[in-house]
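See below for the structure under consideration.
Sequential numbering from 1 along the given sequence is applied to the chain's residues.
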Amino acid sequence: MKEKENENILVEKQKFYTAEFEQEAAWLSFMHREGWRFLSTDGFHYRFEAAPKEDWCYQLDYKQNGVAEDDYLQMYQDFGWEFAGQYGNWFYFRKQRTNGEEPDLSLFSDRESKLELCKRIINGQLLRILPLLLIMCASCSLLLLGVLLNSGGFLSVIIGIAYFSQFALFLLPIGNYFSQMARLNKMMKSLDGQR
């Protein structure tokens, strides 16, 4: 869904999952070719500004601590990449394609660097989901204990409903996490097969 804040700013709703970072980069490149330069994202809303219809390549990098140190950004600038923005642990870079020249327009052009990126994403996402898993286990244990101690009463029914409701609320993000990690593992296996 597209909506214009004004004639120079476009906000588009788009959802990319963790394992879809290459698709997200391709979409941002497409938007720039259509005359919309990426400004920022909150993970669901992407802000663009009107720009000349030029061919820019976008790439994403995942940094576990989510901090953009000067050395980190400078390294990409030294290779001709412009820092385009950040959302959480994701860093967005872009590089203009020049006519008649096909430079290496991939931050992770070899198998080893792509594997390393996938490992960083998996480890970083595990650190994000781990507290949720611990809270879920602790709260489910407490609720189950409450059901066992109050078996047969009205309170037992209330606690049982709360238990299953809470369990259902935790299943969605945990299921999404495992789905994305499975996709990343599949990507890693295909990269491993390229030896």
Side-chain angles (χ1 to χ4, degrees), residues 1-99 102-109 113-132 172-181 183-184 187:
M1 180 178 153
K2 295 180 181 183
E3 62 183 67
K4 285 191 175 185
E5 286 183 4
N6 60 51
E7 64 185 48
N8 292 321
I9 300 294
L10 173 73
V11 176
E12 185 159 342
K13 292 180 183 177
Q14 192 71 260
K15 180 63 180 161
F16 293 98
Y17 293 98
T18 303
E20 297 174 334
F21 59 92
E22 292 177 322
Q23 293 90 332
E24 184 177 2
W27 178 70
L28 293 172
S29 299
F30 167 78
M31 291 297 289
H32 205 129
R33 284 191 304 275
E34 294 295 306
W36 295 103
R37 179 181 21 247
F38 170 72
L39 292 175
S40 65
T41 183
D42 63 5
F44 187 64
H45 299 91
Y46 289 79
R47 292 185 77 238
F48 299 90
E49 69 179 345
K53 292 183 178 184
E54 298 172 330
D55 196 4
W56 284 73
C57 177
Y58 283 76
Q59 292 285 295
L60 281 69
D61 188 15
Y62 185 90
K63 200 162 179 320
Q64 285 178 323
N65 67 3
V67 177
E69 297 97 0
D70 291 338
D71 291 346
Y72 172 76
L73 297 177
Q74 187 62 50
M75 176 183 68
Y76 287 105
Q77 288 176 354
D78 290 346
F79 288 100
W81 289 92
E82 176 183 310
F83 176 65
Q86 176 185 357
Y87 169 65
N89 294 36
W90 289 99
F91 290 81
Y92 295 76
F93 296 94
R94 63 179 159 234
K95 187 180 211 181
Q96 187 171 19
R97 296 179 201 258
T98 56
N99 292 335
E102 193 55 44
D104 179 21
L105 291 175
S106 177
L107 292 176
F108 308 100
S109 55
S113 62
K114 279 189 178 182
L115 279 170
E116 186 59 37
L117 172 63
C118 289
K119 288 176 187 175
R120 281 197 316 271
I121 295 169
I122 288 172
N123 291 337
Q125 293 298 310
L126 178 61
L127 291 176
R128 290 181 66 201
I129 199 79
L130 195 57
L132 185 63
L172 184 62
I174 290 170
N176 182 37
Y177 166 77
F178 284 111
S179 168
Q180 295 306 306
M181 295 311 103
R183 291 178 71 184
L184 283 171
M187 186 184 302

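Residue D70 qualifies as open at atom CG: its count of foreign heavy atoms under 6.0 Å is 12 or below.
When the options E12, E24, K13 are evaluated for a side-chain hydrogen bond (donor to acceptor under 3.5 Å, both in side chains) with Y46, the one that passes is E24. A side chain to side chain contact (heavy atoms under 4.5 Å, CB included) with Y58 is found for exactly one of F38, F93, W27, namely F38.
Between the side chain of N89 and the main chain of Q64, a donor-acceptor pair closer than 3.5 Å is present. K95 places a side-chain N or O within donor-acceptor distance of the main-chain N or O of F79, the cut-off being under 3.5 Å. In this structure, the side chain of R47 does not engage the main chain of L39 through any donor-acceptor pair within 3.5 Å.
In this structure, R183 and A19 approach most closely via the heavy-atom pair CB-CB, 3.6 Å. A pairwise comparison of heavy atoms in A25 and Q59 identifies CB-CA, 4.1 Å as the closest pair. Closest heavy-atom contact between W81 and R94: CE3-C, 3.4 Å.
With rounding to the nearest 0.5 angstrom, the CD atom of Q23 is 12.0 Å from the CG atom of L28. Here the straight-line distance linking atom CD of E54 with atom CZ of R37 works out to 7.5 Å at 0.5 Å rounding. In this structure, CZ in F16 is found 9.0 Å from OG1 in T41, a value given to the nearest 0.5 Å. Rounded to the nearest 0.5 Å, atoms OH (Y17) and CG (L184) are 14.5 Å apart. Interatomic distance, Q96 CD to H32 NE2, rounded to the nearest 0.5 Å: 7.0 Å.
Checking W36 against E34 by side-chain atom types alone, no donor-acceptor pair falls below 3.5 Å.
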**Request:** Before giving the answer on ring-ring contact (aromatic ring centres under 6.0 Å, His included), spell out for Y72 and F91 the whole-Å C-alpha distance, their side-chain angles and the decisive distance to 0.1 Å.
**Result:** CA-CA 10 Å; Y72 172 76; F91 290 81; 5.2 Å; yes
**Asked** Does the side chain to side chain contact (heavy atoms under 4.5 Å, CB included) test come out yes or no for R33 and D55, once each step is laid out?
**Response** CA-CA 5 Å; R33 284 191 304 275; D55 196 4; 3.4 Å; yes
**Item:** Stepwise side chain to side chain contact (heavy atoms under 4.5 Å, CB included) test for Y87 and L60
**Value:** CA-CA 10 Å; Y87 169 65; L60 281 69; over 6 Å; no
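Side chains of R120 and D61 form a contact here, defined as non-hydrogen atoms less than 4.5 Å apart. By the 4.5 Å heavy-atom criterion applied to side chains, E69 and K63 are counted as neighbours.
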